[in-house]
**Student:** 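My questions all concern the structure below.
By convention in this document, chain letters (A, B, ...) are assigned in the order of the sequence lines, proteins followed by strands, and residues within each chain are numbered from 1.
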Amino acid sequence: MIAETGLAALWLAAGLAALQLILGIAALRTEFAAERAMRGIAVVQGVLTLLAFAMLLIVFARTDLSVALVFENSHSAKPFIYKVAGAWGNHEGSMLLWVTVLSASGAFLALLSRRIGESTLTAALGAQAALALGFYAFLLVASNPFARLDPAPIEGRGLNPLLQDPGLAFHPPTLYLGYVGLSVAFSLAVGALLTRQVDSRLGRAMRPWVLAAWIMLTLGITAGSYWAYYELGWGGWWFWDPVENASLMPWLAATALLHSINVLAARGALKAWTMMLAVIAFSMSMVGTFLVRSGVLTSVHAFAIDPERGTFLLALLAIYVGAAFTLFALRGATLKEGAPFELVSRESGLVINNLLLSVILAIVFLGTLYPLFVEAISGEKLSVGAPYFNAVAGPLALLLAVLVGVGPLLAWRRERRAILPKLRVPALLGITALVVTIVLAPGIAILPRLALGVAAFLGAAAILPLVGRNPLRAPPETWGMVVAHVGIAVALAGMAANAAFTTERLAVARLGEALDVGPWVVRLESVAPTAGANWTAIEAQLRASRGAAPIVLKPQTRYFSDPPTETNEAAIQTFWNGQLYTVVGKPDPSGAWQLRLWWKPFVTLIWLGGAIIALGGAIALFGRALRAWRARRKREPNWRERYI
Amino acid sequence: MSRTLRFAPLVILLVLLTGLVWRLATPSDTTIPSKMIGSDLSNVRAPAALPGRDGVHVGNAFRNPRVINFFASWCVPCIAEVPLLQELKRQGVGVDGIAVRDRPQDIAAFLKERGDPYDAIGADPKSNVQMQFGASGVPETFIVDAYGVVRYQHIGPLEAKDVAIIRDKWASLRK
């Protein structure tokens, strides 16, 4: 019954989405007042998909093997948390999560949006319904998560052991909230282009949605990076894998959008550009979903390939993105650009930010899809790897990071004062860092060296907007910006330190043998079998010391029987100044063991920086929301009765 | 933005869709032919990995074809390969080694314990030589001709049957 309830809720939600779309079209064509009805429908639709998703969680939590999806992806002996998280560790479940976030976003837009005009809101809700309708069709026709098996099997096939990790509980949902949260910006842009009401009011209405989605994307990417780092046992935090790039591209577009939307909200300028970015950001999410779900690009995220599903998703992508870009091309001309600005101004700083982010986006996009096009045209197979991305995108990212320190100091419209004197202290710090690395570490590569200098510069320059005023009286969005920009400096420092100072040791070691890596001496003390809930393992005991008290690390090679798979569980010890990363591999015939050891100075700053960037976003989002709520309470003492 | 520019996103989308439709219609063939066959690597050098031994200079092979074997002391499959390389050497095939991401003392210990099939041993501590050869891991074995051009690539550990294949290929290049 539970699975059927979920399926019925999905069908109902699809019907409501169709109704919402029709109402939206009617409201656009005639003077039909559909706002209240559409808001209500959007909310009910969101509730229904949440119900469907809850039903999926229940069948997974109970390991109801009569549901085909549970049989294929779960097992009764699995720990409870992975039973639940396993609900989205597969194609159908993850698409249901996608759709749930999509219609929940629509519901929140209907509930919360008060800033934009009625016609734009109904058009946007219509666009959101059109999006949802396509994905409901995809779920119900090509990816039904609730399909039954008769008779029910006795035992399930189990979940890919790489996914049996707390990372699965956190990474996909946050990433999807970000990916799909961008759909609201897409729908608002489409709505505003339809009603020709692209103005600063729209910018202010769109901003919190973009910010919220961007925070989630930042968290999701950061979490995914750390998950790959410790779970794969390769010691790297970013591999420029197509699926990683699929999550980075919407983030780059959303970051650009986040900045250009401020120009639209504050000055009414960059209208066409901002609308294009809003469309591109969600389009990149759909492209990412397509690349991941269709399996057209070779990737460590090895998902099952199904041509029928790939075709369906590609058709949806073509319809939605094609329609939005056509609308943009036709309506873009009717947008009047807002207030003009001078060459040296906050606006032009943000334009440069947007150009650099767009070029980096184009570089990642080309690098990801280049192998596909080369093979299509010449039949030649090739792959584009980290050297291309690092060499081409790296210098641009560094330039951008330098400008991050300068841009926020500029005034809107026209900067009359000289701003360079303010940057004296940060510049001095940056140059000092550069000189120190040249003296103390002459052998490191040029890009990490520059990055260390830029990180020192930006760390100081980023807090300048709070200097020379009472920081407690600074608005929350200024605080948010400062925190996020400091986060960039922190992450950059971590990336540079990891690239420049990591020491690696690969060796075949006998019991009792000691290996040195960086400042550490690591001794292989013993190797013994051990067992967990649904796995057995070979566990090495390593004693690591650098002068003072030694620590013990226990890396494992785990063997899962359902499905039969082997994984490396790295043992990682974190210190204030870095991480010791150890992996045990295979034995050789004489009984020695393959060990991979890394000492990674300050590598944790990468993810700490990511979290700080997201925190900055959260400060801006909640600070602004709180202020808006207070202002409304003052203006309309009885607003509550009007809406509730 | 000018009028033409506004159509740019649409055009890019169409190109992207064409490529993706093509990919869906022609599923990818996952066998990857070696791209290195025919590459001139005569300029590639790896400095001596051990004191008192020769390093590898691909273009300076005394006008003879050479077998070049990428290995490492930390690589377990490489151990199984040593007897086969020694067999090649016994049959007169010239074998050079490139030690990938390794340290001199570890290499010396490996050779002492497992056997030493190599005439020259080059060091490749940062995988640079490995990248120039287009090798993706260890072990991997190449045959280069007298002019430093790659003629054969074997990915992964050698098996007993590969000894004859490599010897014949090497012998045919000698003429």
**Student:** Just how far is it from atom OG1 of A:Thr326 to atom CG of B:Leu10, taken to the nearest 0.5 Å?
**Tutor:**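 Those atoms lie 4.5 Å apart.
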
**Student:** Considering heavy atoms only, which positions within residues 87-105 of chain B lie below 4.5 Å of chain A?
**Tutor:**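 Listed by number: B:Arg101, B:Arg103.
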
**Student:** About how many Å separate CH2 of B:Trp22 and CD1 of A:Ile377, when rounded to the nearest 0.5 Å?
**Tutor:**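 One gets 9.5 Å once the value is rounded to the nearest 0.5 Å.
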
**Student:** I'd like to know if the side chain of A:Gln594 and the backbone of B:Trp74 have a donor-acceptor N/O pair within less than 3.5 Å.
**Tutor:** yes

**Student:** Can you tell which part of B:Leu20 gets under 4.5 Å to a heavy atom of chain A, answering side chain, backbone, both or neither?
**Tutor:** both

**Student:** Could you tell me which residues in residues 501-516 of chain A have at least one non-hydrogen atom under 4.5 Å from a non-hydrogen atom of chain B, sorted by residue number?
**Tutor:** A:Glu504, A:Arg505, A:Leu506, A:Ala507, A:Val508, A:Arg510, A:Asp516

**Student:** If you count heavy-atom pairs under 4.5 Å between each of B:Gly19, B:Ala80, B:Ala8 and chain A, which one has the most?
**Tutor:** B:Gly19

**Student:** Supply the atom-to-atom distance B:Ile12 CD1 to A:Ile280 CD1, rounded to the nearest 0.5 angstrom.
**Tutor:**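 Going from the CD1 atom of B:Ile12 to the CD1 atom of A:Ile280 covers 7.5 Å.
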
**Student:** List in chain and number order the residues that pass side chain to side chain contact (heavy atoms under 4.5 Å, CB included) with A:Val321, two or more places apart in sequence or in another chain; answer none if no residue qualifies.
**Tutor:** A:Ser283, A:Met286, A:Leu317, A:Phe325, B:Leu13

**Student:** Pick whichever of A:Leu369, A:Val287, A:Leu595, A:Leu372 has the most heavy-atom pairs under 4.5 Å with chain B.
**Tutor:**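 That would be A:Leu372.
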
**Student:** Are there over 12 heavy-atom neighbours, none belonging to B:Arg167, within less than 6.0 Å of that residue's CZ?
**Tutor:**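 Check passes, neighbour count above 12.
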
**Student:** Look up atom CG in B:Leu17 and atom CZ in A:Phe290, then write down how far apart they are to the nearest 0.5 Å.
**Tutor:** 8.5 Å

**Student:** Under the side-chain hydrogen bond (donor to acceptor under 3.5 Å, both in side chains) test, which residues partner B:Ser39, sequence neighbours left out?
**Tutor:**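 B:Ser39 satisfies side-chain hydrogen bond (donor to acceptor under 3.5 Å, both in side chains) with no residue once adjacent residues are dropped.
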
**Student:** Heavy-atom distances under 4.5 Å only: say whether B:Leu16 touches chain A with side chain, backbone, both or neither.
**Tutor:**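 Both parts, backbone and side chain.
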
**Student:** Side chain, backbone, both or neither: which part of A:Val279 has a non-hydrogen atom closer than 4.5 Å to chain B?
**Tutor:** neither

